[in-house]
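Everything quoted here is computed from the prediction, not taken from an experiment.
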Amino acid sequence: MDRISGDRRIGAPKAGKPPLKVNVFHALRSANTSLMPLFPYTGDGDLVSGATIFWGGENRDSGVFNHENSVDEVAITVAASKSRLRAGFVHVGARTHLVGRHFEDPNDPEIMMAIVVTQRQADEGVAQSESLTFICDNCQEPLLKHRFSSKNDDNFAARDENGEPVRLPGFHAPLETLTEGAIAIEPFNKSEEARTCPKCGTVNEPFALHVWGWDSYYKNTVAAERGRAILFAAGAEA
């Protein structure tokens, strides 16, 4: 078989994005969300690795939802106990796939799973989109589908006096999967009408944000970027 021609060397790091490394188990100690980005880089062409840890106990049922992504996701299970997945398992799923319900009994305190999902963001000028679809627990009828661009890099940037985004030093956009998930699910959880299945009439329970953690990531992102702007404003006044 012929070899692929061309330069195979890895290029130099992008400006402002030095190489980083992390121990995934140490990082997960401080995780406030599933799919926690292990590194701050989420821009064009970046490799984004998100880590998730699930464990069992009272009220730990994760529920399930459909995720659609226009780029591929490579998942590596780094540890698992009493899960459908095994440690060391690597897979590339379909671009539309179910997420959640990894255990037969989520209340079992012995269950756990740690997984890292990595995707390569689309290059500059190439559109990238995702959707989250929340479904009826009884008949799987879609209740809410939230579609969004994965390239809203300035959504959380500071703003100047004209409301235009300003990228303060050190700013990297958060992972849109998490922030958009939190934004979409808050009104859904508050509305019994939204959670009532139009097909079978089941009133579904609120989505388990306490398990997934997207709201904590979203609120911390808003507060942290407000703090960054305060710090630089104080420096400018000194």
**Message:** If the condition is side-chain contact (heavy atoms from CB on, under 4.5 Å), which residues does Ile230 pass it with, not counting sequence neighbours?
**Reply:** Arg226

**Request:** Go through the steps for Glu225 and Asn155 under the test side-chain contact (heavy atoms from CB on, under 4.5 Å), then give the verdict.
**Result:** CA-CA 11 Å; Glu225 292 312 318; Asn155 273 356; over 6 Å; no

**Request:** For residues Phe207 and Phe188, establish whether the separation of their ring centroids is below 6.0 Å.
**Result:** no

**Message:** Tell me the closest heavy-atom pair linking Cys200 and Cys136, and the distance in Å.
**Reply:** SG-SG, 3.7 Å

**Prompt:** What distance separates His67 NE2 from Glu73 CD, expressed to the nearest 0.5 Å?
**Reply:** 5.0 Å

**side-chain contact (heavy atoms from CB on, under 4.5 Å) partners for Ser81, two or more places apart** = Met112

**Asked** Between Ile111 and Ser83, is any pair of side-chain heavy atoms under 4.5 Å apart?
**Response** no

**Message:** Tell me every residue that passes side-chain contact (heavy atoms from CB on, under 4.5 Å) with Pro142, counting only those two or more places apart in sequence or in another chain.
**Reply:** Thr133

**Asked** Looking only at heavy atoms, what is the nearest atom pair of Gly181 and Leu132, with distance?
**Response** CA-CD1, 3.5 Å

**Request:** Can you spot which of Gln121, Gln128, Lys14, Lys151 makes a side chain to side chain donor-acceptor pair (under 3.5 Å) with Asp44?
**Result:** Lys151

**Point-to-point distance, once rounded to the nearest 0.5 Å, from OG of Ser191 to CG of Leu143** = 10.5 Å

**Message:** Can you confirm whether Ile183 sits close enough to Phe148 that some side-chain heavy atom of one is under 4.5 Å from a side-chain heavy atom of the other?
**Reply:** no

**Asked** If you look at every heavy atom in Ala158 and Leu168, which pair is closest and at what distance?
**Response** CB-CD1, 3.8 Å

**Fill in**
Which of Arg84, Met113, Arg60 passes side chain to side chain contact (heavy atoms under 4.5 Å, CB included) with Phe103? Answer is Met113

**Prompt:** Is there a side-chain contact between Lys17 and Asp46, using heavy atoms and a 4.5 Å cut-off?
**Reply:** yes

**Fill in**
Shortest non-hydrogen pair, Tyr218 vs Ala182, comes out as CB-CB, 3.6 Å

**Message:** I'd like to know whether CZ of Arg95 has more than 12 heavy-atom contacts from other residues, nucleotides or ligands below 6.0 angstrom.
**Reply:** yes

**Asked** Is any side-chain heavy atom of Asp154 closer than 4.5 Å to a side-chain heavy atom of Arg167?
**Response** yes

**Message:** What I'd like to find out is whether the side chain of Ser129 reaches to under 4.5 Å of the side chain of Ser70, using heavy atoms alone.
**Reply:** yes

**Request:** Identify the two heavy atoms, one from Leu209 and one from Asp215, that lie closest to each other, and give their separation to 0.1 Å.
**Result:** O-OD1, 3.9 Å

**Prompt:** Of all residues at least two apart in sequence or in a different chain, which pass the side-chain hydrogen bond (donor to acceptor under 3.5 Å, both in side chains) check with Ser131?
**Reply:** Glu68

**Item:** Gap between atom CD1 of Ile115 and atom CD1 of Ile76 - 0.5 Å precision
**Value:** 9.0 Å

**Prompt:** Going by heavy atoms in the side chains, are Tyr217 and Leu175 under 4.5 Å from each other?
**Reply:** yes

**Asked** Can you tell me how far OG1 of Thr96 sits from CD of Glu130, rounded to the nearest 0.5 angstrom?
**Response** 11.0 Å

**Asked** What pairs meet the salt bridge (Lys or Arg N to Asp or Glu O under 4.0 Å) rule with one or both residues in residues 99-126, with sequence neighbours excluded?
**Response** Asp61-Arg101, Lys82-Asp108, Arg101-Asp137, Arg120-Asp123

**Polar side-chain atom of Asn162 near backbone of Glu164 as donor-acceptor pair, under 3.5 Å** = no

**Message:** Counting C-beta onward and ignoring hydrogens, is there a side-chain heavy-atom pair between Arg228 and Leu231 closer than 4.5 Å?
**Reply:** no

**Item:** Ser149 side chain near Glu176 side chain, heavy-atom distance below 4.5 Å
**Value:** no

Using a 3.5 Å cut-off and no angle test, enumerate the donor-acceptor pairs between side-chain atoms of residues 26-40 and protein atoms at least two apart in sequence or in another chain.
from	atom 1	to	atom 2	distance (Å)
Thr33	OG1	Trp212	O	3.3
Ser34	OG	Trp212	O	3.0
Ser34	OG	Trp214	NE1	3.2

**Message:** Could you report the tightest heavy-atom contact between Leu144 and Ala184, atom names first, then the distance?
**Reply:** CD2-O, 3.8 Å

